[in-house]
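Lettering of chains follows the sequences in order, A, B, ..., and the numbering in each one begins at 1.
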Amino acid sequence: MIKSKLKMDKIRTRFAPSPTGFLHIGSLRTALYAYALAKHNGGDFLLRIEDTDQKREVPGALEALQTTLKKFGLTWDEFYTQSERLPLYSSAAKKLVKDGHAFYCDCKPKNAKLEGFSQELRDPCRNKSLKSGAIKLKVPDDKVVSYCDFVHKKEISWNTDTVYDATLLKSDGFPTYHLAAMVDDLSMKISHILRGHDWLPSTPIHLLVFDYLGGKRPEIGHLTDILSAETGKKLSKRRDSVFVEQFLDMGYLPEAILNFVMLLGWAPKDNRELFSLGEFVKNFDINGFQDANPRFFYNKLNWFNGHYIRQKTDKELIELLKNGFLPENTDMELLSKIVPLVKERIAKLSDFSSFAGFFFEKKEVDKTLLGKNYKEHLSKAVEALERGILLDKIPEENGFKVGDFFMDLRIAIAGSKFTPPINESIEILGKEESIERLKKVISNN
RNA sequence: GGCCCCAUCGUCUAACGGUUUAGGACGUCGGGUUUUCAUCCCGAAAACUUCUGGGUUCGAAUCCCAGUGGGGUCACCA
């Protein structure tokens, strides 16, 4: 019997962000998939910083990026910075000129944002045989370039008559993405390029560059765009929360964000939904990629987050709450008593204050919420507390309706109809404070 | 506008030509547990039969074509 398993080269993927700000939620997903693709097959996952546009670089962005990636458990095996590899790109560009696949251009750079801008397909400098300036790709006429996308699992092709003479090396000596990324993917022996859908239209440029540079072209796959639930368009910084750090600040857990995002654009055959990073890597299947753009709905994110919050031990949850979700100078002993009561009531860490805020400060009591017998209810409760009698006995002894009695109590103590269990809350709050709050409501006409 | 991608419940998706009266999850609604809310458990509605119209086939959500609709992209940014 012949076991014919194709001996594949080692899988090597990369995440290649530019250090221009926070980590986009879509980028996190791209990184996750690239990581899983590599790790599922025992391969390497590289982090490559594409900092070839000095103007857009944001100080500190690189460090922030790495910190965030690590929070999600996405660790890399190798690290590269393009700005430290400049000679590689310029010599590659010069080789392309020498081989007749690129040319120098001394036109002044155009700005796409300017009004009346229109891209010319064939650059006027392509036959001038200039000896200096920017270097552009000499796109051949009427040729078909194609590749098989491993996300969409289909062949995609272009006629080069629709491809413009893209700039490869800028006049400042820095490469553009079109050059740098291809040179690097080749030299770093990347086996699979996984990137956003927005790169799909410029893929023919990259195919040409790969072919002219020589060597084995990596597999290429384009991930779907994540669409805004409201607009149905790509998530935008202006309207939507798009940065991972924003979600962290809102009180979403890394496990939940990761789990949510992995199912936007990928699904297993058995429709399983709960995955840790490790489980995802184990179950990862390249056939699970989706073709259609998903929408970012918060419902499921919230559900995942609630789920993962409940998975935490009280101690772990306290540590998480310490990251900016607690009132100033929170008493830790008090907190450890409160946390078990709110754990299954919150969907986000930031919900803590709305459920447990009354433990730390007196809340305004809206009298219209109280029942018509509230004074009687509260007076008996005060009496019981003062004499140390169990509150549970009060309704029966006085002929109160149990629900009404405790509801008035709840509102007077916490200022809300929705609270943690009121008996336990009173115990935590203390007899004195509780009595004081009840009396205040009784006397405040 | 040119080029490219896409199209199953409100949302994320399963179904890879026939076990489909299209399955699951979130959300919604109803019920149970509970002194509230939440958790948890049970159940229901939900895709004018898989955007529309053609074709291929004994048979199509699944393959092909067209239309329509949605998205992306057209820089010396990535």
Touch check for Arg56(A), heavy atoms < 4.0 angstrom, all strands: base, sugar-phosphate only, or nothing?
base
Write down the distance separating the C1' atoms in U49(B) and G23(B), rounded off to the nearest Å.
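Pairwise C1' distance, U49(B) against G23(B), rounds to 14 Å.
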Can you tell me if Ser202(A) touches the phosphate of U73(B), counting only side-chain N or O atoms and a distance under 4.0 Å to OP1 or OP2?
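No, because none of the side-chain N or O atoms of Ser202(A) sits under 4.0 Å from OP1 or OP2 of U73(B).
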Going by distance alone, is a donor N or O of one side chain under 3.5 Å from an acceptor N or O of the other, for [X] and [Y]?
X         : Y         : answer
Asp106(A) : Tyr104(A) : no
Arg195(A) : Thr203(A) : yes
Glu255(A) : Ser276(A) : no

Contact list for RNA chain B against residues 397-407 of chain A - heavy-atom distance below 4.0 Å
Val402(A), Gly403(A), Phe406(A), Met407(A)
Take atom CG of Asp392(A) and atom P of U34(B), then tell me their distance rounded to the nearest Å.
14 Å
Within this structure, what is the OH-to-C1' distance between Tyr104(A) and C76(B), rounded to whole angstrom?
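In whole Å, C76(B) C1' and Tyr104(A) OH are 14 Å from each other.
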Pick the closest RNA chain B nucleotide for Leu263(A) and for Lys300(A) by heavy atoms, then say which residue is nearer the 5' end.
Leu263(A)
Does the plane of the ring in Trp76(A) sit parallel, tilted or perpendicular to the ring in Phe79(A)? Use 30° and 60° as the thresholds.
tilted
For the side chain of Arg272(A) and the backbone of Leu274(A), is there at least one donor-acceptor N/O pair under 3.5 Å apart?
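Yes; at least one donor-acceptor contact below 3.5 Å.
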